[in-house]
Student: 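Supplied in structure tokens, the structure appears directly below.
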2 protein chains.
Amino acid sequence: MQITDSTPHTTEASRAAARRQQILAAAAQCFREHGFHGASIARISKIAGMSAGHIYHYFENKEAIIGAIVAQDLETLLTLTAELRAACNVRNALIERAAEGVLDQLDPASAALKVEIVAEAARNPRVAQIVRAADATCRRELAVTIGAIRRAAGHDDTPAATADMVEVLAALFEGLLLRTIRNPDLDRRRVAQRIQLAINDLLDQPG
Amino acid sequence: MQITDSTPHTTEASRAAARRQQILAAAAQCFREHGFHGASIARISKIAGMSAGHIYHYFENKEAIIGAIVAQDLETLLTLTAELRAACNVRNALIERAAEGVLDQLDPASAALKVEIVAEAARNPRVAQIVRAADATCRRELAVTIGAIRRAAGHDDTPAATADMVEVLAALFEGLLLRTIRNPDLDRRRVAQRIQLAINDLLDQPG
DNA sequence: TATTCTAGATCGAACGCTAATTCTATGTTA
DNA sequence: TAACATAGAATTAGCGTTCGATCTAGAATA
């Protein structure tokens, strides 16, 4: 399964960007299948359809590829929470969006890479720094969203209480990554509904 | 930080078992710090206080060490859920035990290894098989416990509904492993309390 | 327009290193 | 002395990375 580049490129800059993206796509696949340390440059280069040496024209070293993959993965998470905050009726938006988000989290292929990233963060300070910065941003956004919902429902929470609810919500979501690996046979749609109920309850918890 | 063996051994069998355990302890430490593939036999042997070659008298290969670590880690989980089921007032037992369990899950060192195991399960069929078998047992136990609690409260759930609640409960718990890595600064005690509230709500959800 | 030039793209061999595993020799103990 | 524990060197394979040689496409020139 080789990743090729079919689109023509006017400028050399866009060509280089496409080549970089090609490498990242191949690397993501390898990292998913073999982990960060089990995936070799040789294998990545084969899937990307270029020589091993050539990869070093686009990335300083393997660590840089890992960093780019991690940053790219977290960027989608950041835009997602930002979108959520922009919704008008926030409570319904959150709960409706949740079902969609749950199904995303339950996709085994993407879950494998996300879990690999956190595992790497637990031991690689460079990755940990990227992951924690992104997580802090997500938490801040989510805290604002939840704070607004709770205030609208007449609750007057301390910042700490809001932060705790954010943690529980995040745990619920991220836990699905592990669940879909441990139990690939779970019923995704029904679990999504249950999660919606749980989020609903969480938003009504006493302060 | 070398792991030595101070206790005397009468039989050669117990000595061998102790040596095996010594290797597993060293391996667990290495796997936590460097991951399954980043940890070398050389490093493990140094921490276990023996030569690299000697490790092969106790384990067929590195894969076997990984398998033993995974099995050992999951065994503690199995006994924990079994204990839970044995409690008399199940609902209070579950919720009280939960706080303790949450704090366990939030220990960063043990979380790193547990996440590493799931990441490995996502790509290594041998590890996946061990992990999934243990998970199935846990789910069965938990389903019985939750089923009893719900019936006592007058609910008449389908097996599927019970299974879904088990999944949500499991996601909530396992999500904490990822949370403590992504946000090491979270307040463990307060989050534990919030989780207790969430479990309480979960047990009162409509069927 | 045809030819030459050139800078970046690309390859693949080569390097040094470290991994997992095997083997042989030696120590230890009952 | 026989069996097992242990060390450490040897083996083989694969890793990340570097480097010099080619190729190629478009700019410059005639």
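Because only heavy atoms are used, hydrogens play no part in the values below, and waters and symmetry mates are left out as well, while side chains stay in.
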Student: So do B/Asn183 and B/Leu186 actually touch side chain to side chain, heavy atoms under 4.5 Å?
Tutor: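 Yes, close enough: below the 4.5 Å cut-off.
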Student: Please report, rounded to the nearest Å, how far the P atom of D/dC15 is from the CD1 atom of A/Ile44.
Tutor: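 Those two atoms, CD1 and P, are 11 Å apart.
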Student: Between protein and nucleic acid, restricted to nucleotides 12-14 of chain C and to nitrogen or oxygen atoms under 3.5 Å apart, what atom pairs and distances do you find?
Tutor:
none

Student: For A/Glu63, what residues pass the side-chain hydrogen bond (donor to acceptor under 3.5 Å, both in side chains) criterion, not counting sequence neighbours?
Tutor: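 Here the qualifying residues are A/Asn124.
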Student: For A/Ala42, check side chain to side chain contact (heavy atoms under 4.5 Å, CB included) against everything at least two apart and list the hits.
Tutor: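 A/Ser40.
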Student: Among residues two or more places apart or on two chains, list those pairs meeting ring-ring contact (aromatic ring centres under 6.0 Å, His included) that have a residue in residues 58-113 of chain A.
Tutor: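 Passing the test, one end in residues 58-113 of chain A: A/His54-A/Tyr58.
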Student: Using whole Å, report how far NZ of B/Lys46 lies from C1' of D/dG8.
Tutor: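 To the nearest whole Å, that distance equals 13 Å.
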Student: Using a cut-off of less than 4.0 Å, is there contact between a side-chain N or O of A/Tyr58 and OP1 or OP2 of C/dT10?
Tutor: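 Affirmative; the distance criterion is met.
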Student: Could you run through DNA chain C and flag its stems, i.e. three or more consecutive Watson-Crick or G-U pairs with both distances under 3.5 Å?
Tutor: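 Runs of three or more consecutive pairs: C:1-30 with D:1-30.
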Student: Taking only residues two or more places apart in sequence, or in another chain, which ones meet A/Arg32 in a side-chain hydrogen bond (donor to acceptor under 3.5 Å, both in side chains)?
Tutor: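 A/Arg32 satisfies side-chain hydrogen bond (donor to acceptor under 3.5 Å, both in side chains) with no other residue.
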Student: Could you tell me how far apart A/His34 (NE2) and C/dA19 (P) are, to the nearest whole angstrom?
Tutor: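 After rounding, the reported distance stands at 20 Å.
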Student: Under 4.0 Å between a side-chain N or O of A/Ser40 and OP1 or OP2 of D/dC15?
Tutor: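 Indeed, a polar side-chain atom of A/Ser40 lies that close.
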Student: Whole angstroms only, please: what is the CD-P distance between B/Gln22 and D/dA5?
Tutor: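 Spelled out: CD on B/Gln22 to P on D/dA5 is 14 Å.
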Student: Over how many whole Å does the gap from B/His37 atom NE2 to C/dA19 atom C1' extend?
Tutor: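 Those two atoms, NE2 and C1', are 13 Å apart.
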Student: Looking only at heavy atoms, what is the nearest atom pair of A/Lys62 and A/His37, with distance?
Tutor: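 That would be NZ-O, 3.8 Å.
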Student: Please list, chain by chain and in numerical order, all residues satisfying side chain to side chain contact (heavy atoms under 4.5 Å, CB included) with A/Val102, sequence neighbours excluded.
Tutor: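 With neighbours one apart ignored, the set is A/Leu106, A/Phe173, A/Leu176, A/Ala192, A/Ile195.
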Student: Among residues at least two apart in sequence or on other chains, which ones pass side chain to side chain contact (heavy atoms under 4.5 Å, CB included) with A/Ala93?
Tutor: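 Expected list: A/Ala87.
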Student: Atom CD of A/Glu63 to atom C1' of D/dT17: distance rounded to whole Å?
Tutor: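 My rounded result for the distance is 15 Å.
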Student: When you measure from the side-chain N and O atoms of B/Arg19 to the phosphate of D/dT6, is any distance below 4.0 Å, counting only OP1 and OP2?
Tutor: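 True: B/Arg19 side-chain N/O within range (under 4.0 Å) of D/dT6 OP1/OP2.
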Student: Using a cut-off of 4.0 Å on non-hydrogen atoms, how would the nucleic acid contact of A/Phe59 be classed: base, sugar-phosphate, or nothing?
Tutor: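 The residue A/Phe59 makes no contact with any strand.
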Student: When you measure from the side chain of B/His57, which nucleotide among C/dT21, D/dA7, D/dT6 comes out closest?
Tutor: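 Comparing C/dT21, D/dA7, D/dT6 against the side chain of B/His57, the answer is D/dT6.
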Student: Partners of A/Glu75 by side chain to side chain contact (heavy atoms under 4.5 Å, CB included), sequence neighbours excluded?
Tutor: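 So A/Glu75 forms no side chain to side chain contact (heavy atoms under 4.5 Å, CB included) with any residue.
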Student: What is the distance from NZ of B/Lys62 to P of C/dA20, rounded to the nearest Å?
Tutor: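 So the two atoms are 4 Å apart, to the nearest Å.
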Student: How long is the line joining CD1 of B/Ile41 and C1' of C/dT18, in whole Å?
Tutor: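 Rounding to the nearest Å, CD1 of B/Ile41 and C1' of C/dT18 are 13 Å apart.
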Student: What nucleotide among D/dT17, C/dA20, D/dC15 has an atom nearest to a side-chain atom of A/Tyr56?
Tutor: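 Per side-chain heavy atoms of A/Tyr56, the pick is D/dT17.
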